[in-house]
Amino acid sequence: MSAPYAPNEIESKWQRRWEADGLYRARVDWDRPKHYALTMLPYPSGDLHIGHWFAMTPSDARARYMRMQGFNVLFPMGFDAFGLPAENAAIARNIHPKEWTYDNIERMRQQLRSMGAMFDWDREAISCDPSFYRWTEWLFTKFFEGGLAYRGEATVNWSPSLQTVLANEQVIDGKDERTGQPVVQQQMTQWFFQTTRYAEELLDFSKLEWPDPVRTMQSNWIGRSEGALVTFATEADEPIEIYTTRPDTLWGATFMVLAPEHEQVERVTRDEQRAAIDAYREQAAGATEIERSNEQREKTGVFTGGHAVNPVNGARIPIWISDYVMLGYGTGAIMAVPAHDQRDFDFARKFGLEIRPVIQPEGEALDGETMTCAHLGPGRMRNSGDLDGTPATEARGRANPAIDRVIDWLEERKLGRESVRYRLRDWLISRQRYWGAPIPMLLRGDGGYEVVPSEALPVLLPEGVEFMPGGQSPLKRLENFRQTTDAAGNSAERETDTMDTFMCSSWYQYRYLSPDFPSGPFDPEEAAYWLPVDVYTGGAEHAALHLLYTRFFTKAMRDVGVFEETARAMQRHDRSPQGLFDEPMLHLRNQGDILGEERRGDFVVATGRHKGNHLLADRIEVIDAALAPERSGDVVGEILRRTENVLLVADRSGQSTAVETGPHTQIEIPGIEGKNNVGQLRHHLEIQRMSKSKGNVVNPDALVAEYGADTVRAYLMFAFDWEKGGPWDSQGMMGIVRWLNEAWELATGPSPSEVGDRDAEDRLARCVHRCIARVSESLERFSFNTAVAALMSLRNDLRGARREAAVGAEAWNEAIRTLLLLMAPLVPHIAEELWSRRGLEYSIHQRRWPTADPALLVGDTIKLAVQVNGKRRDEIEVATDADEDAIRRAALASPKVQRHLKGREPKKIIVVPGRLVNLVG
RNA sequence: GCCCGGGUGGCGGAACGGGUAGACGCGGGCGACUUAAAAUCGCCUGGCCCUUGGCCAUGCAGGUUCGAAUCCUGCCCCGGGCACCA
């Protein structure tokens, strides 16, 4: 009898051995095909959680599978280490952000090692390390020199609680996406990247194999629209340009609206309206995004007193201002067509402005006086001069005949021109915080900006600084940091803002290639071989942020020439660089989220006295829920929630009562000795996102200690659809425990028989080869749960074979050998241990993946379902190579089939090879 | 409101371009072993009925097809994203 499976002993042993042997070091080898597998790097927040395991261990299994398939696989890991939490910890606990960050990294590195993943730790990159951020800074200077980074004034999102500005992508519903704190709009001068220059290219996903939802989200975020720019003359002799996607409704424009911040407001406003306009502008400037949207879209606005002329029909129309027009989109000014735009309609109704229908729907006469909502559908143009009768469809842009004709009409008369606009804004990368890469720019005495030269990089983040409770960056007050000299030796002021941390994660995949490379962001020789990333895995929450930024970054790097040397290196190795630097990651897969487990709350009997509608409890006893009907008390039921000392208890009828406990309340929990307190009572846990405050987090370290890393890995892969995730189920782990225990016994035990039986061995070989095919195909398409299922099936087959005791040593050894190879990517430690115990050559992870023998995937005979009129009635067994005629005869020979045909001849017989035969009567 | 996903046993989930629905596992039931429990092993496990057989079943209602979880139309739920973008 051999020793039982003891995961904790074997796992650390193999982890040490693999590390000592450098088993997972990836080295350039032009004779082998490469595979760059990348999984999103963690932020070093403190501890690795189960979500990290769920993201990384299946990615590791896929990388290992590719390696066994013969690819030279690079699978690196690092830390996205700049960011606010470190700085907040510094303020709260008086620890330097650097110390906090590196302590966390040290702990998380150990936790990551416990996964048994094939991370190449020689390539580890940490974004807050000067050797890394030196090149983040350098890339900024390249972008600046290439005209892609600029300093500009814009309406930006200022977070008072974080004391910094944020990019549009980082603001959701007027709140900061990470903390949920409100954000205000302010005009500020900041550093930007010209992401908008790439809007069109970013909309092209043709080179990418990315999930549909991510592509849609990015497309929506970029928000391309086709329309026209039209200039309206005004009585103030101040022509105003507007952007519209509906030039076909120009004849229905009955007023204009400018954004309150629009610079021409000043000049079109007439004196009698100036006071009202100024008041409105002031109020709009102070409002947060939330306040603007909180008003239930009730339209507000003020008349400027000025008028414009509609260029298409000469109509005199009033000019208003309103905060429903955004300065940052289009030209910040619109023509209002209330008859065909709901927002304009609402505004016109509120302020009694004219509504003039110019698109006539089929069979219905629109009347501006009586309309109750804007008409947005198709129709024909009317009240539109020569263009009356042109059909307007629901299509957008030139695809709509009305829009198409009107744009041509405008261009012929020089009244306007076709224009494409995007919702996407330039990326605001300045942050008024300390813990980030300094922006390597100097403000000269003459007011111009210059870059810190490459030799002087990195601009080091000064360490001896004092943190203020408010969060203001200490860099601003650090005179010896600020005061410096420019290239000419004149005194200059250093930029004290740092860069958005999304900059670091936009290019980290390149630093991994050579994290110590001293003369560039990456070694072109490494890049020439490894780029681009073949498979990228991680959470879908980054769809519009990180994943859009990194695409922009790669294109920008390409355009400022960062990849030129890499391209030359590729050509030296006969690899064409054509198109290889257009996109960072070719294939993307998103895993879902693991949610908290549902748990019943304790069932309690509470007695005490009622006060109002709640109970002051003298005694609370936890009972078996099944006994509840037999017990009586003042309140009997399940604890739904606990807030401090107040329990919310729901009785059988669903009615809930607040039960208040005090120091004298006697609490009895069977199984917990001594005096119990209210904190030991368990409340109901709903399925929701895991968080410490909800008490529903699953700690992977504890699971690894109890079951071993392989079990945790396999369970995460087996229990969920990886792309979907779902609620944790602590009971399910036992299925994996049983599987691995039995695999251990099968592989360490003797073969079932001394002498083999041909038939039994043949049957087993078929099971093995079917398993090879299923596991391969599953891992190929990231279907980890079916890969584990196939391996469990093989375990069942092997169990059956052992019981039958008809398989000889040779066939058995071959089956076990293949089983271990197939298990290796998913559960690397136990596979290695069993491999070694069976005396096979180290390491299993360097062996080739088995291939399924097609001859063994099909038997001599095959079972076919027989349907009569599409309903399954019987099953027949025929020779695999039986022709249609033989199948027909066999089907007709079935008594069950004959009964259902009721003696009639079938009109038609459909034979689906390998599947079924359907007799239609 | 608009745009994406998705609704399959008690539960997690299978079912490659329409072809035997429910693989694999959890949970549950019965039995074996055991003084007992756990562990382990064996069998059963979508529902219903007139039970060597049959009927109904993939959110609901239709449709296309010899055949639909899969395709089409309409509706209902759930999850996510965007949200005065002119």
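Naming convention: chains lettered A, B, ... in sequence-line order (proteins, then strands); numbering from 1 in each chain. Just so you know, these numbers use all the heavy atoms, side chains as well, and skip hydrogens, waters and symmetry mates.
Across the C1' atoms, B:A57 and B:G47 are found 7 Å apart, a figure rounded to whole Å. With both ends at atom C1', the span from B:U20 to B:C4 equals 34 Å, rounded to whole Å. With P as the reference atom, B:C41 and B:C26 are 10 Å apart, rounded to whole Å. The separation of B:A39 from B:C33, taken at their C1' atoms, amounts to 11 Å, rounded to a whole angstrom. For the P atom pair drawn from B:C11 and B:C60, the interatomic distance equals 15 Å after rounding to whole Å. Taking atom P on both nucleotides, B:C78 is separated from B:C66 by 38 Å, rounded to a whole Å. If you take atom P in B:G53 and the same atom in B:G42, they sit 28 Å apart, rounded to whole Å. Rounded to a whole angstrom, the distance from the C1' atom of B:G31 to that of B:G79 is 44 Å.
Between the CH2 atom of A:W739 and the P atom of B:G25 there is a distance of 11 Å, given to the nearest Å. The interatomic distance linking A:N220 (CG) with B:G1 (P) rounds to 18 Å, in whole Å. For the pair A:Y715 OH and B:G12 P, the interatomic distance rounds to 11 Å; values are reported in whole Å. Atoms CD (A:E777) and C1' (B:A15) sit 11 Å apart, rounded to a whole Å. Whole-Å rounding puts the A:L376 CG to B:A86 P distance at 12 Å. Atom OH in A:Y707 sits about 13 Å away from atom P in B:C26, given to the nearest Å. Atoms NZ (A:K724) and P (B:U8) sit 8 Å apart, rounded to a whole Å. Rounded to an integer number of Å, the gap from A:E541 CD to B:C4 C1' is 17 Å.
Between the CG atom of A:N310 and the CE atom of A:M256 there is a distance of 9.0 Å, given to the nearest 0.5 Å. To the nearest 0.5 Å, atom CG of residue A:L410 and atom CD of residue A:E418 are 11.0 Å apart. For the atom pair CD1 of A:I736 and CE of A:M717, the computed distance is 9.5 Å after rounding to the nearest 0.5 Å. Taking CG of A:L746 as the start and CZ of A:R802 as the end, the distance is 4.5 Å to the nearest 0.5 Å.
The side chain of A:N785 places an N or O atom within less than 4.0 Å of a non-bridging phosphate oxygen (OP1 or OP2) of B:A14. For A:N796 and B:G25, the shortest distance from a side-chain N or O to OP1 or OP2 is below 4.0 Å. Note on A:R423: a side-chain N or O is less than 4.0 Å away from OP1 or OP2 of B:A83. One finds no side-chain N or O of A:R873 lying less than 4.0 angstrom from the OP1 or OP2 phosphate oxygen of B:G67. Contact annotation: A:K299 side-chain N/O to B:C84 OP1/OP2 distance is not under 4.0 Å. Here A:R802 does not reach the OP1 or OP2 of B:C41: none of its side-chain N or O atoms lies under 4.0 Å away. For A:Y243, no side-chain nitrogen or oxygen approaches OP1 or OP2 of B:A86 to under 4.0 Å. Phosphate proximity of B:G42 to A:R803: present, with a side-chain N or O under 4.0 Å from OP1 or OP2. Taking 4.0 angstrom as the limit, A:R872 places none of its side-chain polar atoms (N or O) nearer than this to OP1 or OP2 of B:G19. For B:U20, one of the phosphate oxygens OP1 or OP2 lies less than 4.0 angstrom from a side-chain nitrogen or oxygen of A:R915.
Both distances falling under 3.5 Å, in either a Watson-Crick or a G-U wobble arrangement, place B:C2 opposite B:G81. Searching all strands for a Watson-Crick or G-U wobble partner of B:G19 with both distances below 3.5 Å returns B:C66. In this structure B:A32 sits in a base pair with B:U40, meeting the Watson-Crick or G-U test at under 3.5 Å. Nucleotide B:U58 is matched to nothing when pairs are restricted to Watson-Crick or G-U wobble geometry with both distances under 3.5 angstrom. Across all strands shown, B:G27 pairs with B:U45; the Watson-Crick or G-U wobble distances both stay below 3.5 Å. Across all strands shown, nothing is found opposite B:C50 as a Watson-Crick or G-U wobble partner with both distances under 3.5 Å.
When distances run from any side-chain atom of A:D323 to the nucleotides B:C84, B:C16, B:C3, the shortest one goes to B:C84. Closest approach to the A:F718 side chain among B:A15, B:C82, B:C24 is made by B:C24 (side chain taken as heavy atoms from C-beta onward). Checking B:C24, B:C3, B:A86 against the side-chain heavy atoms of A:A789 singles out B:C24 as nearest. Picking from B:C56, B:G19, B:G12 the nucleotide with the shortest atom distance to the side chain of A:K871 gives B:C56. The side chain of A:R774 lies closest to B:A23, out of B:A23, B:C41, B:C84. Out of B:G19, B:A83, B:G53, the shortest distance to the side chain of A:W221 is found at B:A83. For A:R799, the listed nucleotide lying nearest its side chain is B:G42; candidates were B:G19, B:G42, B:A86.
Using a 4.0 Å heavy-atom cutoff across all strands shown, A:R738 reaches sugar-phosphate atoms only and no base atom. A:Q731 comes within contact range of the sugar-phosphate backbone alone, with a heavy-atom separation under 4.0 Å but no base atom that close. Within the 4.0 angstrom heavy-atom criterion, no nucleotide atom of any strand lies near A:R224. Within the 4.0 angstrom heavy-atom criterion, no nucleotide atom of any strand lies near A:R689. Across all strands, A:R770 comes closer than 4.0 Å to no nucleic acid atom at all (heavy-atom distances). Contact annotation for A:G725: backbone-only contact, meaning every heavy-atom pair under 4.0 Å involves sugar-phosphate atoms and none involves a base. Among the atoms of the strands shown, only primed sugar atoms or phosphate atoms (P, OP1, OP2) are found under 4.0 Å from some heavy atom of A:D721. In this structure, A:H900 reaches the sugar-phosphate backbone alone: every heavy-atom distance under 4.0 Å involves primed, P, OP1 or OP2 atoms, never a base. A:Q342 comes within 4.0 angstrom of nothing in the nucleic acid, heavy atoms only.
Regarding the sugar-base torsion, B:U52 falls in the anti class, its angle being beyond 90° of 0. In this structure, B:G13 shows a glycosidic angle more than 90 degrees from zero, which is the anti conformation.
Residue-to-nucleotide proximity on RNA chain B shows that, of A:S225 and A:T786, the 5′-proximal contact is made by A:T786. With the nearest nucleotide of RNA chain B identified for both A:M734 and A:G726, A:G726 has the one nearer the 5' end.
With respect to the salt-bridge test (charged N to carboxylate O, under 4.0 angstrom), the residues A:E723 and A:R589 qualify. Ion pair A:E877/A:K863 not flagged as a salt bridge, since none of the NZ, NE, NH1 or NH2 atoms sits closer than 4.0 Å to an Asp/Glu carboxylate oxygen.
Under 3.5 Å, the side chain of A:K907 and the base of B:C66 form no donor-acceptor pair of N or O atoms.
Checked by atom type and distance alone, the side chain of A:H340 pairs as donor or acceptor with a backbone atom of A:V358 at under 3.5 Å. The main-chain N or O of A:R423 is found under 3.5 Å from a side-chain atom of A:R425 such that the two form a donor-acceptor pair.
Taking the six-membered ring for Trp and the full ring otherwise, A:F255 and A:F351 have centroids separated by 6.0 Å or more. Two rings, from A:F347 and A:Y324, have their centers less than 6.0 Å apart.
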